[in-house]
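Here the structure comes first, spelled out in structure tokens, and everything after it is commentary.
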There are 2 protein chains.
Amino acid sequence: MRLLLAEDDEALVAGLKPALERAGYAVDVATDGVFAQLSAEAIAYDLIVLDLGLPRRNGIEVLRGWRAARRAMPVVVLTARDTWQEKVEVLNAGADDYVCKPFHTEELLARIAAVLKRSAARRAPGPLARGGLRLDEATQSAALDDGTPIELSSIEFRLLRCFMLHAGQVLSQQRLNEHLYDHATDHDSNVIEAHITRLRRKIGRDWIQTRRGQGYVFEAPEAP
Amino acid sequence: MRLLLAEDDEALVAGLKPALERAGYAVDVATDGVFAQLSAEAIAYDLIVLDLGLPRRNGIEVLRGWRAARRAMPVVVLTARDTWQEKVEVLNAGADDYVCKPFHTEELLARIAAVLKRSAARRAPGPLARGGLRLDEATQSAALDDGTPIELSSIEFRLLRCFMLHAGQVLSQQRLNEHLYDHATDHDSNVIEAHITRLRRKIGRDWIQTRRGQGYVFEAPEAP
DNA sequence: GGGGTCTTTCAGCGAGGTTTCAGCTTCATT
DNA sequence: AATGAAGCTGAAACCTCGCTGAAAGACCCC
């Protein structure tokens, strides 16, 4: 789950980025309007957190630019001004939610989760449960339908969620890499393979099939 | 312990907010009905103080909205009109208590405490019976079921209460920070860790489990 | 002001998660 | 079957995070 944080206040970023990452998102940061706009045009983010007071280009213009270009990803707007007029303007420009500074980190997280849930509901109804495997966002753990809990580390959780969100699709190692880490890393390593091994050991071998030379596919195992 | 004060009278807020904070709650304020509704949908407040005479959306509608959305947090209603009809209407809409203006701050505090106690008892027969750990608000101390008393300092008490109210959930350090202190503090310190250590030493190691990189979970220890 | 307690900071330690590495297995192609 | 490429996996290295004892700071009560 990949997210762009468009915010220039360093202190805020320093607090927010780790919190978002703890919540299981891969976070890129853009510190001015132009860069934010370009980034989101280049990459299909799952959600964008957009400060209105960015240097070089106003947040509202950036947002309008995306919507004009038919970019439909959910956008949560941050602003320092809590006026009725601005709220209306922002929502009309195509924002999905609106949070005033100062805010509790937890509140932003909750709103992000709510917006994502809504947008996921639009696309694919139902919570994150596929064929007898459930993911619990709150405790960052998984469970089989019979109730057996499965403890996951942070990376394993993100990996599994990525698979479940794209169940049935082939996910290349490169794509998994990009979803799990910030796109600075040009890994030629086998981290992904290693984690897949550990994940398979925990949830069972059959959920993740390898497509040689292409990637991996997540599917419910055959009933024997 | 997090609380939403939905009230538009500035003078009242100016008096009430500090009083509530002094009583150990973290307080957010919402000054109109729509915002109050959204806030409480986004954040799991432990309690809400709701004025009926809010601008933009009537308090009763807001309350009905929450209950229709299966939001079960306790709500204490403030109102200027003291008629039995309104009282009935409000309680039927799902309020937990009802205070008429003008009131003494102390009275409101007492009702809040009472409502919280009731709701804690409702949700979890648990702080008491569960694993044999009880919290005593009056003496700010804890006790094991066998009667052994445990002396707690103020912060330890609030920390433990926060854990017991959210038993089974993962609480990140950041979230605990925000619940224990006003959200001015951008601590990169390890206060929380230090207090967790001392708390564990007092109540026993097994109650609070660490989820590396995510936070802590409060649970009754296994019976050996 | 002095003794006590509560709270916070600091620094070193240790555990656990993550990544790398090396050797092995599997698969496709000839 | 031989070969090479791709993937698997156990073990070791690395690194980060949380733990904890001690000391400093804040606060309160005499």
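A, B, ... follow the sequence lines: proteins, then strands. Residue 1 opens every chain.
Between the CZ atom of A:Arg158 and the P atom of C:dG17 there is a distance of 14 Å, rounded to whole Å. In this structure, CD of A:Gln209 is placed 15 Å from C1' of C:dC27, rounded to the nearest angstrom. Remark: C1' of C:dT18 and CG of A:Leu152 are 15 Å apart, rounded to the nearest angstrom. Spacing between atom NZ of A:Lys202 and atom P of D:dC8 amounts to 18 Å, rounded to whole angstrom units. Separating the CG atom of A:Leu159 from the P atom of C:dT18 is a distance of 11 Å, rounded to the nearest angstrom. Look at CG on B:Leu176: it is 13 Å from P on C:dT8, rounded to the nearest Å. Protein atom CG of A:Asp206 is 14 Å distant from nucleotide atom P of D:dC8, rounded to whole Å. Atom CD1 of A:Ile192 and atom C1' of C:dT18 are 12 Å apart (whole Å).
In this structure, A:Ile155 and A:Tyr181 have side chains that are in contact, with non-hydrogen atoms separated by less than 4.5 Å.
Side-chain atoms of B:Asp28 and B:Tyr45 form a donor-acceptor pair, as typed in the model, at a separation below 3.5 Å. In summary, the side chains of A:Ser141 and A:Glu151 do not present any donor paired with an acceptor at a separation below 3.5 Å, with no hydrogens or angles considered.
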Exercise. Would you mind building the protein contact string for nucleotides 25-30 of chain D? One character per nucleotide, 5' to 3', B for base within reach (heavy atoms under 4.0 Å), S for sugar-phosphate only, - for untouched.
Key: ------
Quiz item: For every nucleotide of nucleotides 15-24 of chain D, 5' to 3': is a protein heavy atom under 4.0 Å from its base (B), only from its sugar-phosphate (S), or from neither (-)?
Solution: -BBSBBS---
Practice problem: Show the numbers, then the answer: is there a salt bridge (charged side-chain N to carboxylate O under 4.0 Å, His left out) between B:Asp97 and B:Arg111? | Solution: CA-CA 7 Å; B:Asp97 205 345; B:Arg111 300 220 172 191; 3.1 Å; yes
Practice problem: Show your reasoning for whether salt bridge (charged side-chain N to carboxylate O under 4.0 Å, His left out) applies to A:Arg71 and A:Glu41. | Solution: CA-CA 8 Å; A:Arg71 288 263 164 189; A:Glu41 277 164 13; over 6 Å; no
Exercise. Dump the intermediate steps for salt bridge (charged side-chain N to carboxylate O under 4.0 Å, His left out) on B:Lys101 and B:Asp51, then the final yes or no.
Key: CA-CA 10 Å; B:Lys101 299 182 189 176; B:Asp51 187 356; 3.0 Å; yes
Quiz item: Does the pair A:Asp32 and A:Arg57 meet the rule for a salt bridge (charged side-chain N to carboxylate O under 4.0 Å, His left out), with working shown?
Solution: CA-CA 7 Å; A:Asp32 76 59; A:Arg57 178 167 303 168; over 6 Å; no
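Mapping B:Ile155 and A:Glu156 onto DNA chain C by nearest heavy atom places B:Ile155 at the nucleotide closer to the 5' end.
Closest heavy-atom contact between B:Glu7 and B:Val29: O-CG1, 4.4 Å.
Remark: the backbone N or O of A:Arg212 is not paired with any side-chain donor or acceptor of A:Thr210 at under 3.5 angstrom.
OP1 or OP2 of C:dT9 sits under 4.0 Å from a side-chain N or O of B:Ser189. In this model, the phosphate group of C:dT18 is approached by a side-chain N or O of A:Ser153 to a distance below 4.0 Å at OP1 or OP2. For C:dT19, the OP1/OP2 oxygens have a side-chain nitrogen or oxygen of A:Tyr181 closer than 4.0 Å.
Listed by chain and residue number, nothing satisfies the salt bridge (charged side-chain N to carboxylate O under 4.0 Å, His left out) test with A:Glu193 (two or more places apart in sequence, or in another chain). Residues passing the side chain to side chain donor-acceptor pair (under 3.5 Å) test with B:Ser172: none are found, sequence neighbours excluded.
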Anything under 3.5 Å between a donor and an acceptor, one on a side chain of residues 9-21 of chain A, the other on a protein residue two or more places apart or in another chain? List them.
{"residue": "A:Asp9", "atom": "OD1", "partner": "A:Ala11", "partner atom": "N", "Å": "2.9"}
{"residue": "A:Asp9", "atom": "OD1", "partner": "A:Leu12", "partner atom": "N", "Å": "3.3"}
{"residue": "A:Lys17", "atom": "NZ", "partner": "A:Asp182", "partner atom": "OD2", "Å": "3.2"}

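For the helix from C:dG1-D:dC30 to C:dT30-D:dA1, the terminal axes (five pairs an end, C1' atoms, rotation from four pairs onto the next four) enclose an angle of 30°, given to 10 degrees.
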